[in-house]
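Below: one structure, written as structure tokens.
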Amino acid sequence: MLQVQDLHVEVGGKEILHGVNLTINSGETHVLMGPNGSGKSTFLMALMGFEMYRITRGRILFFGNDVTSLSVNERASMGFGLMFQRPPTIAGLKLGKLLEVIQGDTKTNSQDIITSASKSMNMEDFLNRDINHGFSGGEIKRSEILQMIIQDPLFIMLDEPESGVDLENIHLMGISIAQILEKQKPIVNRKKSGLIITHTGYILDYLDVDKGHVLIDGEFKCHGNPREILKLVKKRGYNECLRCKKIE
Amino acid sequence: MSDSIQQMNDLNEEDRKRLELAGLEPDMKNRSGSFFQKDQEICQIASDCQGIEVLGFADALSRYPWVSDYIWRAVAKDKDKYTRYIAKQNDPKGFVIIARKGSRTIYPIQACLFLSDSPVQHVHNIIIAEEGAELHVISGCTSASAKKSGSHIGVTEIYIGKKARVTSTMIHNWGENISVFPRSATIIEEEGIFLSNYVCMQPVRMIQMSPIAHLNGKGAVARFSSIVVGTEKSMMDLGSVAVLNAPGASAELLTRAITTGGTIISRGRVDGRVTGTKAHIECKGLILRDGIIHAIPEIRGEVVDTELSHEAAVGKIAKEEIEYLMARGLSEETATATIIRGFLDVKVDGLPQALQQQIDAAIDAAEKSGF
């Protein structure tokens, strides 16, 4: 599904990613780990195509098509989706209205879909509120997941879905993300793939993940079993990854 | 169908559309009454709501001499050259709406002031809501599509009795060569409520107005909401004033202004004259194309325990907001229009649905023309 080849990304004239390679096949979910400031969010933002994240070298292939020079909405239309860590507040724009716009007029029972998805994310009372305005940490995440359900992308990037979320909400987030990624289906029938940034690994309690990657100083220092990596990092910190350098 | 309504229907297609855009329903669907004045000719007066009368200015005076007590009481006759111009007219036109004690409109009364052939249209309007009455008025002011130049000068005096509630929704849809000078003031008695909504999203040469609310009764409430778009060459000098003269009185002055090349001066003033009062001014401006948005909020407190505040912001649409929506699959144009739409979406509590729909329709029309 996704192939990233030798990706170099600059932000404000400073190179943050120094040649990143990654392949995610259909139906796979990968996690991205690394210390603060290592370039994880930059990687997701560059994959989504935000203007501030300038790709200076390398390319991004999606189902074999080069999307490196495509705009954000063109990538979204092809199947890229991003759950933001800190989405902006948009005054006057109601969450419900945005969901309608995202859905477009393609589906006949669009309102039913929005209603049932909102119910499943406990967001029915937020449909008439300005998007993200005064939302708590957990509410922002639930709103983001709800938008993902409606947008229905093929490749879903999740930027720290558990941060700022209480235990009860983590459970809801976990099972919802598993559903979005079609974890109930066997991998051969799964069309959705995911890339999740996590610091805590709580999300791994709810879904099986195929691979883990450790990004340090804008370069991958380790690829492997995500649970093993996490266990090691918890015990010895990311310095261990620098020493170990298990790069396939 | 009466002859008078026929006159509205007799207009050409384009002018009919302009009237509809200004909130007028020629067939009076969802309306409790109607007043239609073309230039200086009153073409239609109708009311089918018990306890609420819609009259022409002269007719009201001859039928109810006491109405003269309300003339030039809220607005000073010699306030400026425009009020003096109205005061010297021998045969003033305009409407008088009287909502008797306890009466209530479910649907709004529509008042249409249509500038067609005359160089100047002048009106003197009076709205009286007696104790406990509830009245909703939508005023649509527009000019004929073929009208090359002209002026509209109007005085409107609104009297809101004890526990009465009046909403006044004014939609302006003038032309780029029309100048408009409304002068209006409202006196609100004890626990009276006044909601004033002003929408102008179409080109105009010049509009200059600053309605005043005198909150004279305990617990009186006034809320002014203005949604304006300053198109290229338009000059809009708009304001609203609330004078808090009684304990418990409160006011809110809200403006959403967008310029696409025109000039918008957004004035707001609140005066806290007695204790236990509060008021807030909020002006948000968006500059989509080079133009001017000049916000001038003024707050004046005279006593201990009056709470007055203001906030004003002028800027552009944040790139991160556009990109956030683009990440959901919206094109840059759709994302921008969606954000602008939200910016203008000021929902007014207590406004009948039919009127909110009218405001939404005016925003829709502006959105379709690409702001």
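Numbered from 1 within each chain, the chains take letters A, B, ... in sequence-line order.
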In this structure, are over 12 heavy atoms from other groups packed under 6.0 Å from A:Leu70 atom CG?
yes

Q.
Tell me if the CG atom of B:Asp290 is crowded by more than 12 foreign heavy atoms within 6.0 Å.
A. no

Determine whether A:Phe50 and B:Lys319 make a side-chain contact, defined as any pair of heavy atoms from C-beta on separated by less than 4.5 Å.
no

One should read off an interatomic distance between A:Met48 CE and B:Glu323 CD, to the nearest 0.5 angstrom, of 10.0 Å

For A:Asn73 and B:Leu325: C-alpha separation, side-chain torsions, deciding distance, then whether side-chain contact (heavy atoms from CB on, under 4.5 Å) applies. CA-CA 8 Å; A:Asn73 58 306; B:Leu325 300 189; over 6 Å; no

- Query: Does atom NE2 of A:His18 have more than 12 heavy-atom neighbours, drawn from other residues, nucleotides or ligands, at distances under 6.0 Å?
  - Reply: yes

- Give a yes or no on this: more than 12 heavy atoms of other residues, nucleotides or ligands lie within 6.0 Å of atom CD of A:Glu182. yes

When the 4.5 angstrom heavy-atom criterion is applied to A:Met78 and chain B, the contacting part is neither

Check whether any side-chain N or O of B:Arg328 sits under 3.5 Å from a backbone N or O of A:Leu82 as a donor-acceptor pair, and report yes or no.
-> yes

- Query: Quick check: are there more than 12 heavy atoms from other residues, nucleotides or ligands sitting under 6.0 Å from CD of B:Gln208?
  - Reply: yes

Between the CD atom in B:Glu320 and the CZ atom in A:Arg86, the distance rounded to the nearest 0.5 Å is 11.5 Å

Bottom line for A:Asn132: the part with an atom under 4.5 Å from chain B's heavy atoms is side chain

**Request:** Check whether more than 12 heavy atoms from other residues, nucleotides or ligands sit under 6.0 Å from atom CZ of A:Phe135, and answer yes or no.
**Result:** yes

When the 4.5 angstrom heavy-atom criterion is applied to A:Glu51 and chain B, the contacting part is both

- request: Would you indicate whether the side-chain heavy atoms of B:Tyr324 and A:Ile131 approach each other to under 4.5 Å?
  value: yes

Other residues, nucleotides and ligands only: do more than 12 of their heavy atoms fall within 6.0 Å of CD1 on B:Ile106? no

- Donor-acceptor under 3.5 Å (A:Gln151 side chain, B:Ala327 main chain): yes

Rounded to the nearest 0.5 angstrom, the NZ-CG distance for A:Lys97 and B:Asp345 is 9.0 Å

### Query
Would one find more than 12 heavy atoms of other residues, nucleotides or ligands at under 6.0 Å from atom OH of A:Tyr202?
no

